[in-house]
Amino acid sequence: MTAYAKVIGTGGYLPAEVKTNEHISQTVDTSDSWIFERTGIKSRRIAAQDETTSSMAEIAARQAIEMADIAPNEIDLIIVATGTPENVYPGAGCMLQHRLGIKTGVAFDIQAACSGSIFGLDMANQYIKSGAAKTVLVVGSEINSRITDWTDRGTCILFGDGAGAVLLQASDEPGVLSTHIHSDGRFEDLLKCPNPQASAEENLTGYISMKGNEVFKVAVNTLGRIVDETLAANDMQKTDIDWLVPHQANIRIITATAKKLKMSMDHVVVTLEDQGNTSSASVLLAFNQAVRDGRIQRGHVVLLEAFGAGFTWGSALIKY
Ligand code: ACO
């Protein structure tokens, strides 16, 4: 048994192309002001034609490896969280393992929509604490632009592409303090992206559909509860949290969670203004950004949380 899974590196990648709200309002009936007021988003990044989930994951992963100053083959478990893998199989985890030149250990994908990186952190923590793995790479990587219906103004304003990575290693020093993950499969019809080739239904398109208003309400309630659950499990008070790193779906959902924590927005990492919702990548992209710009420092207590299709939701409390 190992005491902790400690964060030893982070990384992130955003594709070069910027798609602004003005660009979107040229093709669907919306406006920059409507989108910004309702979501907090101004622009998002779009992957180039030759980019894939694993190519973006590789760039984010290499940054994390460089920060940790380890050799890639020290990694004995790779978990890629994605809803947009380039293949049904082989998984993006195996593709990433090969890209990193690693021939040992194990790699696989997990699919928990926007909660994917939190589910990945949960697994990494369990593997490390049990002694089953020593060094674990968790990556969230998404090309949402390819599953977005660019004629649907209810969803096309929200999503973006990107990859975030975190490396964890067995340590006697704190690290991950606790993780909490949940799912409830009753809500398929509120937020869904079918796989037309594998579905029993005919004439499907493989695009995201969402009843945004209903998702919004469940997300706010659920994230409030996960905050309470995480604090109670660690016998902590709201004031013990230094940073909130939320999934970047909508600024109003983020603000509601910060309010629940009685936390000033100065202590909430927000990236969605110029990234949109990058699904499983968003929490790790935000975490990486705040680590690299010096906001999150060693010893800080950081609450990461997410909510996504399924529904899935979860949190990870980390002493950085
Ligand atoms: N521009 C202008 N008008 C719009 C747009 C748009 N882009 N989209 C919808 N509208 C209109 C609607 O047609 C509706 O018009 P009506 O009143 O005439 O019928 C009106 O605006 C209000 O629509 P709502 O859907 O009620 O708008 P809402 O305030 O809920 O905002 C939004 C929509 C931004 C999508 C919001 O509901 C949201 O962010 N939901 C949560 C998203 C989320 O958290 N997803 C989970 C994670 S994603 C994942 O897991 C993959």
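Numbering of ligands and ligand atoms starts at 1, following listing order.
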### Query
Which pairs pass ring pair (Phe, Tyr, Trp, His ring centres under 6.0 Å) with one or both residues in residues 186-227, sequence neighbours excluded?
Phe187-Phe311
Please produce the table of protein N or O atoms sitting under 3.5 Å from N or O atoms belonging to ligand 1, one pair a line, distance to 0.1 Å.
from, atom 1, to, atom 2, distance (Å)
ligand 1, 1 (N), Thr30, OG1, 2.6
ligand 1, 3 (N), Arg153, NH1, 3.4
ligand 1, 7 (N), Thr30, OG1, 3.1
ligand 1, 7 (N), Arg153, O, 3.0
ligand 1, 13 (O), Arg153, NH2, 3.0
ligand 1, 26 (O), Asn213, ND2, 2.7
ligand 1, 27 (O), Arg38, NH1, 3.3
ligand 1, 29 (O), Arg38, NH1, 2.6
ligand 1, 29 (O), Arg252, NH2, 3.4
ligand 1, 37 (O), Gly212, O, 3.1
ligand 1, 37 (O), Asn213, N, 3.4
ligand 1, 39 (O), Asn250, ND2, 2.6
ligand 1, 40 (N), Gly212, O, 3.1
ligand 1, 50 (O), Ala309, N, 3.0

### Query
Counting heavy atoms not belonging to Glu66, are there more than 12 under 6.0 Å from its CD?
no
### Query
Is atom CG of Asp69 surrounded by more than 12 heavy atoms (other residues, nucleotides or ligands) closer than 6.0 Å?
no
### Task
Identify the heavy atoms of Ala165 and Leu284 that sit nearest to each other, and give their distance.
N-CB, 4.0 Å
### Task
Determine whether the side chains of Thr278 and Glu142 contain a donor N or O and an acceptor N or O closer than 3.5 Å.
no
### Message
For His182 and Trp313, take the angle between the two ring planes, folded into 0 to 90°, and tell me which bin it lands in: parallel under 30, tilted 30 to 60, perpendicular over 60.
### Response
parallel
